[in-house]
Protein chains: 2
Amino acid sequence: MIDEVKLKDQNGLFRSISEDTWRKLLPHIEEFDMPLGLVLSDSGCSQSYLYFPTNAIVSLLYNLENGSSAEIAVVGYEGCFGVSIFLGGQSTLTTAVVQSAGKSYRIKASVIMEEFNNSSPLRNLLLRYTQAVITQTTQTAVCNRHHTIDQQFCRWLLLSLDRLDGNELVMTQELIANMLGVRREGVTEAAHKIQAEGIIKYTRGHISVLNRPMLEKRACECYHVVKDEYDRLLPHTLAI
Amino acid sequence: MIDEVKLKDQNGLFRSISEDTWRKLLPHIEEFDMPLGLVLSDSGCSQSYLYFPTNAIVSLLYNLENGSSAEIAVVGYEGCFGVSIFLGGQSTLTTAVVQSAGKSYRIKASVIMEEFNNSSPLRNLLLRYTQAVITQTTQTAVCNRHHTIDQQFCRWLLLSLDRLDGNELVMTQELIANMLGVRREGVTEAAHKIQAEGIIKYTRGHISVLNRPMLEKRACECYHVVKDEYDRLLPHTLAI
DNA sequence: AATGTTATGTACGGTAACGCACATAAGTAA
DNA sequence: TTACTTATGTGCGTTACCGTACATAACATT
């Protein structure tokens, strides 16, 4: 069964839930495995669970009619996926895909809604998280308009890295290209430049970050803006 | 004083507020004039009012360090500005600027919060609206990545037009460029093409839409996606 | 009418990213 | 080993958009 002692430390939102709310939710928390590529929600489908990743990363993508796509936001241990449940729209137009395999927990939508409506601490927490996601989405919009692939590649690496243990990342250039909504060759080029500067080492789907401070310098402002806003809105949620 | 009979019909969210909530809010509704260019909230500043435009349009912009900017979403009679109040973060990193002058109403943040916490109908309404704004932001992100200036110009015209009476729009190319986050010359070119096709007529800050169906055809899918999602989430809020 | 200001038009070299085609290399399976 | 698949490298012409500079035209001011 679930180890209740460790449970609360595995997701940032869990850690921020007050004691009495926690006691009510605890019986309804289910373990849920997230293999790479799993689609958690297709565009327009109603959500029946709120997902809380631990070491997994979920990408929120938007797919255009012509088949091209772009990542809107990324969710890891610091948050949850399925905000449309408590925003009331039930579904979203975004597709959620597991970008990095791992474990997560989930809670039935009905259970969350019950608590959301009756407990303002949980509601406040989830809404503050929602604003953090909005910030990330906003920043993505501006980033897509104004920053180079190089910069966005670095930003993306950092956001992913923050949600993982260690300094390695399993991800092909093809997939990164899909996230950024650019050509695979564009990512190849960007990765080359960054590697030439000794910042990363790229080998067939494995990226090792060798010099994180430099990576942050090469990234656009968007990374820090988003990170700082998460820190502000969810102060005790992040550092694990 | 405020004409209470007409009041409820001037903003889509007002119209969707239930009778008893409405009676409680009514004494706190203030008139507020929105002249062109007025800045309602600077990046990082705390919001003390929730604004409900009637015939005014508010642009949510994001300003980058280097001075360039991009519009994230647009708010008119169908919604409100200041969602960060009830999301709990108080401030946002976006700047809100009056894009088209007009009248609006506003309610003190404290009054809204009181109702938001005690009345689930108002809460549900505002949260559904929040999801609609998220959709718009998401679509902006993808649009910035994948669509041409021509398409975005058309989309932008349509979104503005939907929030105004008539088929005319007072707006210089310079300002549109700022919204879209592109060069002014880029907008000049786009406007030329669209005008050459007889879809609009552009004269020194005045745009008349002559053929709206064609304008919709020239726009990217983003316009309809956003519009349909607003219709879904706020069914009785739109058509005035 | 003369002048200034604001909005728009036009031109041109530069560049980031695209689409496409194909080469290479690193793993995988037989 | 051999063959196959998958991931990455590379080249090249094309395009959309940029930055800059400057011209024109409409309106405003006196």
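As a basis for the values below, the full set of heavy atoms in this structure was taken, side chains included, without hydrogen atoms, waters or symmetry mates. Throughout, protein chains are lettered first and strands after them, A, B, ... in sequence-line order, and every chain is numbered starting at 1.
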**Message:** What is the distance, to the nearest angstrom, from the CZ atom on B/Arg145 to the P atom on D/dA16?
**Reply:** 17 Å
**Request:** Between D/dA26, C/dG27, C/dT10, spot the one nearest the side chain of B/His192, thanks.
**Result:** C/dT10
**Item:** Separation of atom CD in B/Glu174 from atom C1' in C/dT8, rounded to whole Å
**Value:** 10 Å
**Request:** Using only heavy-atom distances, decide whether a donor-acceptor pair under 3.5 angstrom links the side-chain of B/Arg184 to the base of C/dG9.
**Result:** yes
**Message:** Between P on C/dA16 and CG on A/Asn144, what's the gap in Å once rounded to a whole number?
**Reply:** 18 Å
**Complete:** Testing D/dA26, C/dG9, D/dT8 for proximity to the side chain of B/Arg204, the answer is D/dA26
**Prompt:** In whole Å, what is the span from the CD atom of A/Gln195 to the C1' atom of D/dA7?
**Reply:** 14 Å
**Message:** In terms of relative ring orientation, are A/Phe14 and A/Phe52 parallel, tilted or perpendicular, with 30° and 60° separating the classes?
**Reply:** tilted
**Rounded interatomic separation in angstrom, taking CD from A/Gln152 and C1' from C/dA17** = 11 Å
**Request:** Remember a base hit wins even if backbone is also touched, and classify A/Gly186 as base, sugar-phosphate or nothing at under 4.0 Å, heavy atoms.
**Result:** nothing
**Message:** With a 4.0 Å cutoff (strictly under), does any side-chain N or O of A/Gln173 reach OP1 or OP2 of D/dG9?
**Reply:** yes
**Asked** If you pin B/His147 and A/Gly205 to their nearest nucleotides in DNA chain D, which one's is more 5'?
**Response** A/Gly205
**Prompt:** Nearest of C/dC20, C/dC18, C/dA25 to any side-chain atom of A/Val182?
**Reply:** C/dC18
**Asked** Does any donor-acceptor pair link the side chain of B/Glu185 with the base of D/dA21 at a separation under 3.5 Å?
**Response** yes
**Complete:** Separation of D/dC17 atom P from B/Phe153 atom CZ, nearest Å, is 13 Å
**Nearest-Å distance for atom pair NE2/P, residues B/His206 and D/dA26** = 14 Å
**Complete:** Checking D/dA7, C/dA11, D/dT10 against the side chain of B/Arg183 (C-beta onward), the nearest is C/dA11
**Message:** Taking the minimum atom-to-atom distance to the side chain of A/Ile149, which one of C/dA17, D/dG9, D/dC18 wins?
**Reply:** C/dA17
**Request:** Evaluate the side-chain proximity of A/Tyr105 to A/Phe32: yes if any heavy-atom separation is below 4.5 Å, no if none is.
**Result:** no
**Message:** In the structure I gave you, are the side-chain heavy atoms of B/Glu221 and B/Gln151 within less than 4.5 Å of one another anywhere?
**Reply:** no
**Message:** I'd like to check B/Glu197 versus B/Arg218 (side-chain heavy atoms, cut-off strictly below 4.5 Å). Are they in contact?
**Reply:** yes
**Request:** Could you tell me whether the side chain of A/Met179 reaches within less than 4.5 Å of the side chain of A/Leu61, counting heavy atoms only?
**Result:** yes
**Request:** May I have the distance from B/Leu175 (atom CG) to C/dA7 (atom C1'), rounded to whole angstrom?
**Result:** 11 Å
